[in-house]
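Letters A, B, ... mirror the listed sequences (proteins, then strands); counts begin at 1.
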Number of protein chains: 2
Amino acid sequence: MTSQDTAGWAGQLHAQDRRVTRQRLAVLAAVEQSPHATAEAVLAAARSELPQLTLQSVYVVLSDLTTWGMLRRIEPPNSPARYETRIGDNHHHAVCTGCGRIEDVDCAVGHAPCLTPSSSTMTIRIADVLYQGVCTDCADAGVASLPAPLP
Amino acid sequence: MTSQDTAGWAGQLHAQDRRVTRQRLAVLAAVEQSPHATAEAVLAAARSELPQLTLQSVYVVLSDLTTWGMLRRIEPPNSPARYETRIGDNHHHAVCTGCGRIEDVDCAVGHAPCLTPSSSTMTIRIADVLYQGVCTDCADAGVASLPAPLP
DNA sequence: CACTTATTTTGAACAACTCATAATAAAGCG
DNA sequence: CGCTTTATTATGAGTTGTTCAAAATAAGTG
């Protein structure tokens with residue numbers, strides 16, 4: 001959210017022959033400031049800087065930035081899509097089944113451990129791991145835990 | 001989709017003090033017959049046996065059966081929810097970014113490899129792995145492949 | 001067979017997102 | 001620096017996938 005970031009983002013946009021607009025920078029800043037934000041949350045955050053910004057614009061900006069690799073989209077179950085600026089590494093996410101909180105999880109083994117499906121008719125490019133669990137807060141609050149499936 | 005299955009399902013429902021209804025059996029049969037089916041697909045399939053079945057009923061039946069562990073719900077990006085009767089093992093899914101096809105993938109290493117997030121404030125119960133790639137058909141057809149992210 | 005209550009149907013509503021079109025403003029040029 | 005081109009954004013409406021409340025139906029029980 002610093003002018004550091006802003007300059008970097010502007011450079012990246014430039015490098016891809018895209019225009020550097022207020023709304024793109026505002027959206028990037030909003031996502032940087034609150035990772036795993038939804039489109040609505042991004043709108044709310046970005047509007048403090050850019051009051052006339054609309055939700056539809058947020059949607060197209062998020063979508064565009066995601067396709068040019070400047071944002072990463074996360075799609076947890078029972079939640080609208082979320083976005084983050086942390087890209088370029090393959091980290092995963094843990095979502096609490098109690099409160100929906102999302103946390104980043106570094107790839108446990110250090111190098112994509114799951115990227116080796118035995119035999120398949122597909123050429124695998126990405127392995128996205130979504131951990132589901134119960135965060136300490138919800139555990140303390142005694143949130144009902146679902147039956148754990150087998151390995 | 002045999003009477004074998006039907007009897008088993010009826011037994012499972014009974015064991016959970018749930019009523020054995022035509023619509024539940026029809027939905028189970030439909031999902032068994034076409035794994036990874038969407039709610040709409042289930043409706044279409046089940047209606048050949050039970051023409052008056054409605055989409056809303058399919059939704060509640062799918063949801064109920066999922067919560068009592070008789071079905072598993074898959075939520076791939078850019079797709080409505082899908083369901084399968086293969087439960088009780090922890091297998092994952094590979095979705096083709098070209099055509100959307102979904103395939104089952106057995107856990108590569110034989111025992112949940114990713115179930116060890118380093119340090120976390122959450123107690124992990126499930127690790128869902130979603131592979132994304134390009135199936136041979138789409139590869140042959142020369143479907144544009146997205147840039148592959150780093151490990 | 002009658003009764004109780006889970007289940008299904010009916011009908012409507014909602015959230016998240018996408019689309020077409022018109023208005024706006026970056027970026028390059030003279 | 002102002003002008004032009006065209007990407008980008010705003011406007012307004014529409015779609016898809018799903019959920020909800022209430023009335024009708026039908027499993028299972030005695």
Side-chain angles (χ1 to χ4, degrees), chain A residues 6-7 9-30 36-44 46-47 49-68 70-71 73-83 100, chain B residues 6-7 9-31 36-44 46-47 49-68 70-71 73-83 100 102:
Chain A
T6 304
W9 292 325
Q12 287 188 61
L13 287 169
H14 238 111
Q16 309 209 27
D17 283 312
R18 301 296 171 177
R19 295 187 180 169
V20 179
T21 67
R22 285 156 167 247
Q23 16 285 76
R24 281 176 182 167
L25 295 177
V27 164
L28 283 164
H36 312 146
T38 63
E40 295 268 6
V42 167
L43 177 66
R47 268 196 170 158
E49 295 268 326
L50 209 61
Q52 81 279 16
L53 184 64
T54 66
L55 182 57
Q56 287 82 338
S57 298
V58 170
Y59 274 115
V60 334
V61 169
L62 287 172
S63 172
D64 287 348
L65 292 174
T66 300
T67 64
W68 11 111
M70 296 181 65
L71 286 181
R73 186 193 333 248
I74 316 164
E75 308 195 25
N78 311 322
S79 161
R82 292 163 180 278
Y83 298 84
Chain B
T6 304
W9 292 325
Q12 287 187 61
L13 288 168
H14 239 110
Q16 309 208 28
D17 282 312
R18 300 296 171 179
R19 295 187 180 168
V20 179
T21 67
R22 288 158 167 245
Q23 15 286 73
R24 281 177 182 166
L25 295 177
V27 165
L28 281 164
V31 176
H36 311 146
T38 63
E40 294 268 8
V42 168
L43 177 67
R47 269 194 170 159
E49 296 267 325
L50 209 60
Q52 81 279 17
L53 185 64
T54 66
L55 182 58
Q56 287 82 340
S57 298
V58 170
Y59 273 114
V60 334
V61 169
L62 287 171
S63 172
D64 286 349
L65 291 174
T66 301
T67 64
W68 10 113
M70 297 181 64
L71 287 180
R73 188 195 330 251
I74 316 163
E75 308 195 26
N78 311 321
S79 161
R82 292 163 180 277
Y83 298 84
I102 298 179

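A straight line from CG of Leu65(A) to C1' of dT9(D) spans 13 Å, rounded to a whole angstrom. For the pair Leu62(B) CG and dT19(D) P, the computed distance is 10 Å after rounding to whole Å. What separates CD of Glu40(B) from C1' of dT15(D) is a distance of 13 Å, to the nearest Å. We find that CG of Leu13(A) is positioned 15 Å from P of dA7(D), with the value rounded to whole Å.
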Indicate every side-chain donor-acceptor pair of residues 56-63 of chain A with a distance under 3.5 Å to a residue at least two apart or in another chain.
residue	atom	partner	partner atom	Å
Ser57(A)	OG	Thr54(A)	OG1	2.9

Considering only distance and modelled atom types, tabulate donor-acceptor pairs under 3.5 Å from the side chains of residues 11-19 of chain B, sequence neighbours left out.
residue	atom	partner	partner atom	Å
Gln16(B)	NE2	Trp68(B)	O	3.2

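Looking only at side-chain heavy atoms (C-beta outward), Glu49(B) and Leu25(B) stay at 4.5 Å or farther from each other. Using a 4.5 Å heavy-atom threshold, the side chains of Leu53(B) and Arg22(B) count as separate.
Within residues 49-60 of chain B, the residues approached by DNA chain C to less than 4.0 Å at the level of any non-hydrogen atom are Gln52(B), Leu53(B), Thr54(B), Gln56(B), Ser57(B), in residue-number order. For the contact set between residues 18-26 of chain A and DNA chain D, defined by any heavy atom under 4.0 Å, the members are Arg18(A), Arg19(A), Thr21(A), Gln23(A), Arg24(A).
Trp9(A) contributes atom CH2, which lies 8.0 Å from atom CE of Met70(A) (distance to the nearest 0.5 angstrom).
Mapping heavy-atom proximity under 4.0 Å, the span of DNA chain C touched by chain A runs 5' to 3' from dA16(C) to dA27(C).
Taking for each of Ser63(A) and Asp64(B) the nucleotide of DNA chain C with the nearest heavy atom, the 5'-most of the two is the partner of Asp64(B).
Take Ser79(A) and apply the side chain to side chain donor-acceptor pair (under 3.5 Å) test, not counting sequence neighbours, and it matches Arg82(A).
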